[in-house]
Amino acid sequence: MTIVKSLLSRRAFTALAGAAVIATAMPVTSFAADVTIPIIVKDTTSFYWQIVLAGARKAGKDLGVNVPELGAQAESDINGQISILENAVAGKPAAVVISPTEFKALGKPIDEAAKSVPIIGIDSGADSKAFKSFLTTDNVQGGRIAADGLAAAIKEMTGKEEGEIVILTNLPGVGSLEQRREGFLDQIKTKHPGLKVIADKYGDGQATTGLNMMTDLITANPKLVGVFASNLILAQGVGQAIAENKLGDKIKVIGFDSDDKTVGFLKDGAIAGLVVQDPYRMGYDGIKTALAVSKGEKVEANVDTGANLVTKANMADPKIDALLNPKIK
């Protein structure tokens, strides 16, 4: 099954959700008309960001705030997100919540935007000190969790924490991804020295690239025992490659974030574990914090929204199940 086919159901959902994104840019009579707080995500078509938007939407309903749901249609569209930010600020909202697509490129635009409205950051950082508050997973710790999870999976498979591993990062220069990479590599070096990183590669934001990269790595490295795919898109591609080559019992994969496809790979053994964040909370608390800031209230400068390692053994736990199956409507 190709990645495109396997994502048909998800595509169908995101097509509807895309319509909702457009609709929410219009005034909604049930919201307080005098308070608008846009949320700008990296990719409105991604399931992960749909969960963030769902949290923001619920916060808007609970708090009586109009929450336009904005964003480009690919995480690689940096210029698109900058334009969206500029247009949102021009509308003179009470505040703006944003997850920057790229650390350096979004720094100056956020600095400029913050001269007009309070800016709340979520998920990924930017080269700016203008955020009134920042809500995110501790991504360095998330990388460490992934390293520990991969080491444990390899030890369960081989009886020892030894062998060749690789790390695959979705795009270069993305704050959250670079932090995961940093945490992973540091944890492997200090806590699991028997594991040797033989490849440290970047993708281009496409699941098919992850599939092709992983296929090439399998061919070139017959002793490979482990992989860390540091975001959802790469985990989809890597999981597909492992499934197609039936290597789940020889190569252990830890991914980051989840959707139906990666959870399916987890159940089938193509993926050994997923580091799962709480994107719903990021969206909800992002809007809640932005509203508080717009009222002049004091808020925390940095909020850790948490991360958990999900395996086949714990995926039925109520807390984990809630993260894997968030309410997105």
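Along the sequence shown, residues are numbered consecutively beginning with 1.
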Do the non-hydrogen side-chain atoms of L224 and V166 ever get within less than 4.5 Å of each other? yes

Determine all donor-acceptor pairs shorter than 3.5 Å in which one atom belongs to a side chain in residues 98-108; sequence neighbours excluded.
| unit_1 | atom_1 | unit_2 | atom_2 | d |
| --- | --- | --- | --- | --- |
| S99 | OG | I122 | O | 3.2 |
| T101 | OG1 | Q81 | OE1 | 3.3 |
| E102 | OE1 | K104 | N | 3.0 |
| E102 | OE1 | A105 | N | 2.6 |

Flag for T45-Q73: side-chain donor and acceptor within less than 3.5 Å: no

Taking side chain as C-beta onward, heavy atoms only, is I120 less than 4.5 Å from L135? yes

May I have the list of side-chain donor-acceptor pairs in residues 197-205 shorter than 3.5 Å, sequence neighbours left out?
| unit_1 | atom_1 | unit_2 | atom_2 | d |
| --- | --- | --- | --- | --- |
| D200 | OD1 | R181 | NE | 3.2 |
| D200 | OD2 | R181 | NE | 3.0 |
| D200 | OD2 | R181 | NH2 | 2.6 |
| Y202 | OH | E178 | OE1 | 3.1 |
| Y202 | OH | E178 | OE2 | 3.0 |
| D204 | OD1 | Q206 | N | 3.2 |
| D204 | OD1 | T209 | OG1 | 2.7 |
| D204 | OD2 | T209 | OG1 | 3.1 |

Atom pairs and distances, donor-acceptor, side-chain atoms in residues 152-160, under 3.5 Å, two or more places apart:
| unit_1 | atom_1 | unit_2 | atom_2 | d |
| --- | --- | --- | --- | --- |
| T158 | OG1 | I154 | O | 2.9 |
| T158 | OG1 | K160 | N | 3.3 |
| T158 | OG1 | K160 | O | 2.8 |

S258 versus L324, closest heavy-atom pair with distance: OG-CD2, 3.6 Å

Close side-chain approach of R180 and N231, heavy atoms under 4.5 Å: yes

Kindly indicate whether the side chain of V276, heavy atoms from C-beta on, has any atom under 4.5 Å from the side chain of D257. no

Treating T137 as the side-chain partner and N139 as the backbone partner, does any N or O pair qualify as donor plus acceptor under 3.5 Å? no

To the nearest 0.5 Å, atom CG of D259 lies from atom CD of Q236 at 4.5 Å

Kindly work out whether a path of hydrophobic side-chain contacts (I/L/V/M/F/W/Y, heavy atoms less than 4.5 Å apart) joins V117 to I40. yes

Check side-chain contact (heavy atoms from CB on, under 4.5 Å) between D304 and all other residues, then give those that pass, not counting sequence neighbours. D138

Pair D123-T305, side-chain contact (heavy atoms from CB on, under 4.5 Å): steps then yes or no: CA-CA 9 Å; D123 186 78; T305 53; over 6 Å; no

One should read off an interatomic distance between L309 CG and F256 CZ, to the nearest 0.5 angstrom, of 10.0 Å

Under the 3.5 angstrom rule, does the side chain of Q277 hit a backbone N or O of G306 as a donor-acceptor pair? no

The reported gap from CD in Q187 to CG in L150 (rounded to nearest 0.5 angstrom) is 11.5 Å

With clusters defined by side-chain heavy atoms of hydrophobic residues (ILVMFWY) lying less than 4.5 Å apart, directly or transitively, does V299 cluster with V35? yes

Does the side-chain contact (heavy atoms from CB on, under 4.5 Å) test come out yes or no for M315 and L266, once each step is laid out? CA-CA 9 Å; M315 63 189 303; L266 184 64; 4.1 Å; yes

Among pairs that include at least one residue of residues 293-329, which meet ring pair (Phe, Tyr, Trp, His ring centres under 6.0 Å), considering only residues two or more places apart or in two chains? none

Separation between CD1 of I251 and CD of E164, rounded to the nearest 0.5 Å: 10.5 Å

With P118, which residues qualify under side-chain contact (heavy atoms from CB on, under 4.5 Å), at least two apart? A95, K132, V293

Going by ring-ring contact (aromatic ring centres under 6.0 Å, His included), name the residues that satisfy it together with F184, two or more places apart in sequence or in a different chain. F228

Under 4.5 Å between side-chain heavy atoms, hopping through other hydrophobics if needed: is there a path connecting V263 to I242? yes

Residue set satisfying side-chain contact (heavy atoms from CB on, under 4.5 Å) with N245, at least two apart, ordered chain then number -> I218, L247

Rounded to the nearest 0.5 Å, the CD atom of E86 sits from the CD1 atom of I82 at a distance of 7.0 Å

Determine which pairs satisfy side chain to side chain donor-acceptor pair (under 3.5 Å) with at least one residue from residues 283-297, sequence neighbours left out, and list them in order. D62-Y284, R281-D285

Pairs touching residues 212-222 that satisfy side chain to side chain donor-acceptor pair (under 3.5 Å), sequence neighbours left out: none

Verify same cluster id: F265, V227 (apolar side-chain graph, 4.5 Å): yes

Between the side chain of D186 and the main-chain N/O of E182, is any donor-acceptor distance below 3.5 Å? no

Check whether any side-chain heavy atom of I328 lies under 4.5 Å from a side-chain heavy atom of F47, and answer yes or no. yes

Side-chain heavy atoms of M214 within contact of L234, under 4.5 Å: no

Write down the atom of I233, the atom of A207, and the distance for their closest heavy-atom approach. CG2-N, 3.3 Å

Contact between V41 and Y48 at the side-chain level, heavy atoms closer than 4.5 Å - yes or no? no

Side-chain heavy atoms of I37 within contact of P93, under 4.5 Å: no

Which atom pair, heavy atoms only, marks the closest approach of I51 to P326? CD1-CG, 3.5 Å

Would you say I167 ends up clustered with V238 if hydrophobic residues are merged whenever their side chains have heavy atoms under 4.5 Å apart, either directly or through other cluster members? no

How many angstroms lie between atom CD1 of I84 and atom CG of D77, to the nearest 0.5 angstrom? 7.0 Å

Does any donor atom in the side chain of S128 or D111 lie under 3.5 Å from an acceptor atom in the other side chain? yes

What one should report as the nearest heavy-atom pair of G283 and I39 is CA-CD1, 4.4 Å

Go through it in stages, so that I can follow the logic: the residues are I145 and Q141, the test is side-chain contact (heavy atoms from CB on, under 4.5 Å), and I'd like the CA-CA distance, side-chain angles, deciding distance and then a yes or no. CA-CA 6 Å; I145 291 170; Q141 178 61 16; 3.9 Å; yes

Using ring-ring contact (aromatic ring centres under 6.0 Å, His included) as the criterion, list what pairs up with F134, not counting sequence neighbours. F131

The remaining residues in the hydrophobic cluster of V174, counting side-chain heavy-atom contacts under 4.5 Å among Ile, Leu, Val, Met, Phe, Trp and Tyr, are L171, L177

Closest non-hydrogen atoms of G60 and I287, given as atom of the first, atom of the second and distance, are N-CG2, 4.5 Å

With no hydrogens and no angle check, is any side-chain donor or acceptor of N314 less than 3.5 Å from a backbone partner on V310? no

Give a yes-or-no answer on whether the side chains of S124 and K42 include a donor-acceptor pair shorter than 3.5 Å. yes

Provide the closest heavy-atom pair for G149 versus I254 in the form atom of the first, atom of the second, distance. C-CD1, 3.9 Å

